[in-house]
Amino acid sequence: MMRINTYLTALCLWFMSVAVVAAPEGKLSAWTKDAEKNHFNGAVLVALDGEIKLKRGYGIADKENKRAFSADTVFDILSVTKQFTAAAILKLEEKGLLSVNDPIGRFFNQVPNDKRMITLHQLLTHTSGLKSDFKEDYEVVSRKDLIHGALHSTLNATPGSNYEYSNLGYSLLGIIIEKVSGVSYEKFLNEHLFKPAGMLDTGYKIPQWPSQNLVVGYDGNNRWGTPLEHEWAEDGPWWNLKANGGLLSTLTDLYKWHLALSGKTILTDASKFKLFSPHVAENEAATSHYGYGWAIFKTKRNTNLVAHNGGNPYFFSDFRHYTDENILILFATNDRSKKNFKQYGRLIKAAIADANHTQE
C-alpha cells in the first residue's frame with residue numbers, strides 16, 4: 001500500500017476539505033462558497049491565531065449509505081501517526097527509561113553487526129538505512145515477524161549517512177515502546193498522550209467507535225471499506241502498519257493534540273525542542289527537514305511550517321501548523337482526485353491570506 005511519506009513536493013499545497021463553525025470572513029468565506037459549488041469532499045479544521053474559523057465536513061463519507069462528512073467523522077490519519085510514536089519515545093525518555101541516543105542493540109537480541117548501533121534518533125529521523133516497508137499494510141505480520149524482517153533485511157544505506165523514509169523504522173520504535181513500557185503500543189499512547197490531551201476518539205481499538213462514524217474508502221467506484229472492516233490483530237493493525245500509520249482520529253481530537261503540544265500537558269520544552277528540530281535535510285536542496293515525526297519547512301514568506309501528511313490509495317490526511325503566523329490546518333478526505341486537491345490548495349492560500357490580511 002502506498003503512503004505519501006513527506007512534504008517534499010509541491011503536491012502538499014494541493015489537498016482539500018471543508019467545514020464551518022462560525023461564519024468565516026474574507027478569503028475563507030469566499031473559499032467556502034467555492035468549495036460547495038465544486039462539490040468538495042472531506043473534512044477540514046482551520047484555526048487562525050487560536051480561534052477556530054472552519055470546522056465541518058463536506059461531501060460524502062459513505063456513498064452506499066449516503067452518509068455525509070461531519071466534524072466528528074472518524075478518519076485514518078495514516079502517516080500523521082508518526083508524531084505520536086515520536087512523542088511516546090520522548091515521554092519514555094522523560095521517565096528515564098531510554099534515551100534517543102540508545103542503539104537498538106539495547107532492546108533486541110542478536111542484532112546483526114550492520115544494525116547493532118542504529119540509534120533511536122536515526123529511526124526517528126529516517127536515517128537508519130532501513131528500507132521503507134517490510135510487507136504491505138494489511139498483511140498479517142506479527143511482532144516477531146517484523147523484528148526478524150527488519151534485523152535481517154539489507155540496509156539501503158549506512159546508518160546515519162542518509163535520509164530515506166522508513167515506515168519499518170517507526171514500527172520498530174512502536175515495538176520498543178511496548179518492550180520498555182510493558183504495555184501495548186495503543187495502551188501506552190492512550191494513557192500518556194491521548195487521555196492527558198482530552199482525546200477520547202483517537203486510537204486503533206480502544207475508542208470502539210460506531211461503524212457509522214468512520215470514513216469509507218473507495219478503489220475507483222468500488223467500495224474498499226473502513227480500516228476496521230479489514231483484518232487486524234486483537235490490539236490493532238498488524239505490525240507492518242502499527243506505529244508508523246493507521247491511527248484513527250477526528251478533527252476535534254487532533255485540535256486537542258495541537259493545543260496540548262502548545263503547552264506542557266504532554267511533553268517538556270526540552271522534549272518538544274527535539275520533536276520539532278530540523279534534524280536532517282530531506283533532500284539535497286535542503287528545502288525541507290525532518291524532525292521527530294514532523295517535517296519542517298521555510299515558506300516563501302520566510303516563516304516556519306511544521307507539518308506531516310499521510311496517504312494511501314483510499315484516504316489522505318494533512319496536519320500543518322504555520323508556527324510564526326499561528327495558522328493551523330487539519331484535513332482528511334476519501335477523494336484523491338486532482339480537483340479535490342486543487343480545492344484544498346485554495347483553502348491553504350485563503351487561510352494564509354486571512355491570517356496575514358493580504359489579498360493573496
Side-chain angles (χ1 to χ4, degrees), residues 1-6 74-89 123-124 126 128 130-151 153 164-179 181 183-190 193-194 201-209 211 214-219 224-250 253-254 292-294 308-319 332-334 336:
M1 178 181 293
M2 176 188 69
R3 276 203 295 281
I4 293 180
N5 294 331
T6 66
V74 177
F75 55 87
D76 188 344
I77 70 171
L78 305 147
S79 284
V80 175
T81 299
K82 289 180 174 66
Q83 62 189 259
F84 295 105
T85 299
I89 289 290
L123 293 176
L124 288 162
H126 300 297
S128 66
L130 290 169
K131 62 183 181 179
S132 176
D133 296 284
F134 175 49
K135 291 187 178 181
E136 294 297 315
D137 285 355
Y138 285 85
E139 287 190 64
V140 176
V141 177
S142 69
R143 195 169 94 166
K144 182 179 179 180
D145 292 337
L146 194 287
I147 294 171
H148 184 272
L151 297 186
S153 64
E164 189 164 346
Y165 196 90
S166 176
N167 293 308
L168 179 57
Y170 266 77
S171 289
L172 277 185
L173 288 168
I175 293 173
I176 290 169
I177 290 167
E178 292 196 343
K179 281 177 167 283
S181 69
V183 299
S184 74
Y185 169 82
E186 184 185 11
K187 185 173 182 180
F188 185 83
L189 266 62
N190 189 63
L193 304 182
F194 301 154
D201 287 311
T202 301
Y204 287 132
K205 288 288 192 74
I206 290 175
Q208 297 184 327
W209 312 269
S211 60
L214 274 70
V215 177
V216 174
Y218 295 89
D219 184 2
W224 179 81
T226 72
L228 296 183
E229 293 174 27
H230 294 262
E231 184 178 7
W232 275 10
E234 291 184 3
D235 61 349
W238 299 101
W239 273 100
N240 204 52
L241 178 60
K242 190 179 293 183
N244 72 69
L247 279 173
L248 306 178
S249 190
T250 64
D253 265 18
L254 291 183
Y292 286 177
W294 289 95
H308 211 292
N309 63 12
N312 62 23
Y314 320 107
F315 308 109
F316 180 84
S317 65
D318 195 13
F319 191 133
T333 188
N334 60 357
R336 294 182 55 95

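Note: hydrogens, waters and symmetry copies are ignored here, and every other heavy atom, side chains too, is used.
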| field | Worked check of ring pair (Phe, Tyr, Trp, His ring centres under 6.0 Å) between F319 and H308 | value | CA-CA 5 Å; F319 191 133; H308 211 292; 9.7 Å; no

| field | side chain to side chain contact (heavy atoms under 4.5 Å, CB included) between L189 and Y204, worked out | value | CA-CA 10 Å; L189 266 62; Y204 287 132; over 6 Å; no

| task | Run the numbers on L172 and F134 for side chain to side chain contact (heavy atoms under 4.5 Å, CB included), then give the verdict. | result | CA-CA 11 Å; L172 277 185; F134 175 49; over 6 Å; no

| task | Starting from the C-alpha separation in whole Å, work towards a yes-or-no answer on side chain to side chain contact (heavy atoms under 4.5 Å, CB included) for T81 and Y170. | result | CA-CA 10 Å; T81 299; Y170 266 77; over 6 Å; no

| Test log, rule side chain to side chain contact (heavy atoms under 4.5 Å, CB included), inputs T226 and S211 | CA-CA 8 Å; T226 72; S211 60; over 6 Å; no

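Qualifying salt bridge (charged side-chain N to carboxylate O under 4.0 Å, His left out) partners for E229, counting only residues two or more places apart in sequence or in other chains: R223. Looking at residues two or more places apart in sequence or on another chain, you find a side-chain contact (heavy atoms from CB on, under 4.5 Å) between H230 and Y138, W224. Partners of E231 by side-chain contact (heavy atoms from CB on, under 4.5 Å), not counting sequence neighbours, listed by chain and number: V140, W238. Considering only residues two or more places apart in sequence or on other chains, T85 meets the side-chain hydrogen bond (donor to acceptor under 3.5 Å, both in side chains) condition with Y185. For D145, the salt bridge (charged side-chain N to carboxylate O under 4.0 Å, His left out) criterion is met by no residue, not counting sequence neighbours. With sequence neighbours excluded, no residue satisfies salt bridge (charged side-chain N to carboxylate O under 4.0 Å, His left out) with E164.
Within the 4.5 Å cutoff, no side-chain heavy atoms of F194 are placed close to those of I206. A 4.5 Å side-chain heavy-atom check between N334 and Y314 finds every atom pair outside the cut-off. Proximity of L168 to L146: side-chain heavy atoms (C-beta onward) are separated by under 4.5 Å at one or more points. Using a 4.5 Å heavy-atom cutoff, the side chains of I77 and F84 are in contact. No side-chain heavy atom of L248 sits under 4.5 Å from any side-chain heavy atom of P207. Contact of the D235 side chain with the K187 side chain is not registered, since no non-hydrogen atoms from C-beta on lie closer than 4.5 Å. Residues L123 and I89 form no side-chain contact, since every pair of their non-hydrogen atoms from C-beta on lies 4.5 Å or further apart. Residues L193 and T202 fail the side-chain proximity criterion, which asks for heavy atoms closer than 4.5 Å.
Shown here for G310 and V80, the closest heavy-atom pair between the two residues is N-CG2, 4.3 Å. The two residues A86 and G293 make their nearest non-hydrogen contact at CB-N, 4.2 Å. Pairing each heavy atom of A88 with each of I177, the nearest pair is CB-CD1, 3.5 Å. For the pair A243 and G174, the tightest heavy-atom approach, listed with the atom from each and the gap, is CB-CA, 3.6 Å.
In terms of modelled atom types and a separation under 3.5 Å, the side chain of N167 and the main chain of D133 share no donor-acceptor contact.
A distance of 6.5 Å separates CH2 in W239 from CZ in R143, rounded to the nearest 0.5 Å. Considering CD of E234 and OG of S184, their distance stands at 11.5 Å, rounded to 0.5 Å. Taking CG of D76 as the start and CG of L241 as the end, the distance is 7.0 Å to the nearest 0.5 Å. In this structure, CG on L78 lies 8.5 Å from CZ on F316, to the nearest 0.5 angstrom.
Side-chain N/O atoms of D201 and T250 include no donor and acceptor closer than 3.5 Å.
Under a cut-off of 6.0 angstrom, the local environment of NZ in K205 is crowded, with over 12 non-hydrogen atoms contributed by other residues, nucleotides or ligands.
Checking S171, S79, S166 one by one against N244, the side chain to side chain donor-acceptor pair (under 3.5 Å) holds for a single residue, S171.
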